[in-house]
Amino acid sequence: MAGLEVLYSCVGGSISCPQDAVVCFVHWEMIKSGYRCIGSGDEPKGSDKKSELLPTDWNSNREELYSLRYKAKDSETQLLLKAISVDSTLIFNLMNSGTQQVSDLTVNISDHVEADQLHTFESVFKDTDSLSEKVKTQLLPAQGRAPGQRTSRRDEEDERRRREDSDPLRIPIRQPRQGPPPHWRDPMVPPFSVGGADLDPFGSRGGGGMILDPLRSGYPRSGFDPSSGIPDILPPGAVPQGARFDPFGPVGRPRPGPDPDHMPPPGYDDMFM
């Protein structure tokens, strides 16, 4: 943590609690990310100036409420950092004064500070890598980049993907298949002919036909053509050429014997017989 030791040594005499140490650490992460502290409190002062150091009254609030103002090194963007102690945690709130955009971070103090080593820099902090990552990803805007700092198209795309992946309600977008289209059919076969054999009950196109074709049941076939008609049943042309036709009776020969419907039964005129 280059530079943090120098900063901590400068304010070491005023550090009186573990919360002070955590605020000092977060302040240094702000400095590394391209910001400079311009003072304490919520309102600007005439003595404000950009500095990497903490102002002299940075922890003078006895209610354990910290309020620091920052300004981007290369732009006019201003940020207001507030921290309040709640039980064993320290809650940070960072607001962009121009856009009113707000981010926050909750730090469990005992996870990162040794309370009995406040004046020994070598042993006061623990698990610094984890705390640094939390500050960069959860508190600082744009993944730790100062507003106004130019970013590459790839960085913007990676950031967008991270936001989408972290959304539990987002449905993943299915991307279209890349590469040339698949060879589904022979270029010599006319279009819309795929599946035609399945619609041909007589299999004249090769393959296909009905699943249970009565003409392929193993019995002798008589070369039946439904478009030529069925004697005493269907006239010629009643079934269009190539149309699906399910035989409804013996084909190829007329029904033997008289038609039972030719003569009405006795008393047919009496509907209550």
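Because the structure is a prediction, the values reported are computed rather than measured.
A pairwise comparison of heavy atoms in Ile15 and Ala21 identifies CG2-N, 4.4 Å as the closest pair. When every heavy atom of Leu140 is checked against every heavy atom of Ser33, the shortest pair comes out as CD1-OG, 2.9 Å. Minimum interatomic distance between Leu94 and Leu139 (heavy atoms only, all atoms of both residues): CD2-O, 3.5 Å. In terms of heavy-atom proximity, Cys24 sits nearest to Leu4 at O-CD1, 4.3 Å. Here the closest non-hydrogen pair linking Gly39 and Pro55 is C-CG, 4.1 Å. In this structure, Ser40 and Leu68 approach most closely via the heavy-atom pair CB-CD2, 4.1 Å.
With sequence neighbours left out, Ile91 forms a side-chain contact (heavy atoms from CB on, under 4.5 Å) with Ile84, Val86, Thr89, Thr106. For Thr56, the side-chain contact (heavy atoms from CB on, under 4.5 Å) test picks out no residue, with sequence neighbours left out. Every residue two or more places apart in sequence or in another chain was checked for a side-chain hydrogen bond (donor to acceptor under 3.5 Å, both in side chains) with Asp104, and none qualifies. In terms of the ring-ring contact (aromatic ring centres under 6.0 Å, His included) criterion, residue partners of Tyr70 (sequence neighbours excluded) are, by chain and number, His27. Shown here are the side-chain contact (heavy atoms from CB on, under 4.5 Å) partners of Glu122, two or more places apart in sequence or in another chain: Glu5, Thr120. For the salt bridge (Lys or Arg N to Asp or Glu O under 4.0 Å) test, no residue two or more places apart in sequence or in another chain qualifies with Lys50. When the ring-ring contact (aromatic ring centres under 6.0 Å, His included) test is applied to Phe125, the partners found at least two apart in sequence or on another chain are Tyr8, Phe25. Scored by the side-chain contact (heavy atoms from CB on, under 4.5 Å) test, Glu133 finds Thr137 as partners (sequence neighbours excluded). Looking at residues two or more places apart in sequence or on another chain, you find a salt bridge (Lys or Arg N to Asp or Glu O under 4.0 Å) between Lys71 and Glu76. Asp48 pairs by the side-chain hydrogen bond (donor to acceptor under 3.5 Å, both in side chains) definition with Arg69, not counting sequence neighbours. Lys49 meets the side-chain hydrogen bond (donor to acceptor under 3.5 Å, both in side chains) test with no other residue; sequence neighbours excluded.
The hydrophobic clustering, which links ILVMFWY residues whose side-chain heavy atoms are closer than 4.5 Å, places Val26 and Ile38 apart. A single hydrophobic cluster is seen to contain both Leu53 and Leu79, as judged by linkage of ILVMFWY side chains at heavy-atom distances under 4.5 Å, directly or through other members. Cluster membership check: Trp28 shares its hydrophobic cluster with Leu105, using side-chain heavy-atom separations under 4.5 Å among Ile, Leu, Val, Met, Phe, Trp and Tyr. Clustering ILVMFWY residues whenever any of their side-chain heavy atoms sit less than 4.5 angstrom apart, transitively, puts Leu131 in the very cluster that holds Phe121. Linking Ile, Leu, Val, Met, Phe, Trp and Tyr residues whenever their side-chain heavy atoms come within less than 4.5 Å leaves Leu54 and Leu80 in two separate clusters.
Remark: Gln101 CD is loosely packed, at most 12 non-hydrogen atoms of other residues, nucleotides or ligands lying under 6.0 Å away. More than 12 heavy atoms of other residues, nucleotides or ligands sit less than 6.0 Å from atom CD of Gln100.
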Using residues 108-118 as the side-chain source, report each donor-acceptor pair under 3.5 Å to any protein atom, sequence neighbours left out, with the distance given to one decimal.
unit_1 : atom_1 : unit_2 : atom_2 : d
Asn108 : OD1    : Ser110 : OG     : 3.2
Asn108 : ND2    : Asp111 : OD2    : 3.4
His112 : ND1    : Asp127 : O      : 3.3
Gln117 : OE1    : Ser123 : OG     : 3.1

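The distance from the OG1 atom of Thr77 to the OH atom of Tyr35 is 7.0 Å, given to the nearest 0.5 Å.
With a 4.5 Å cut-off on side-chain heavy atoms, Asp42 and Lys82 count as touching.
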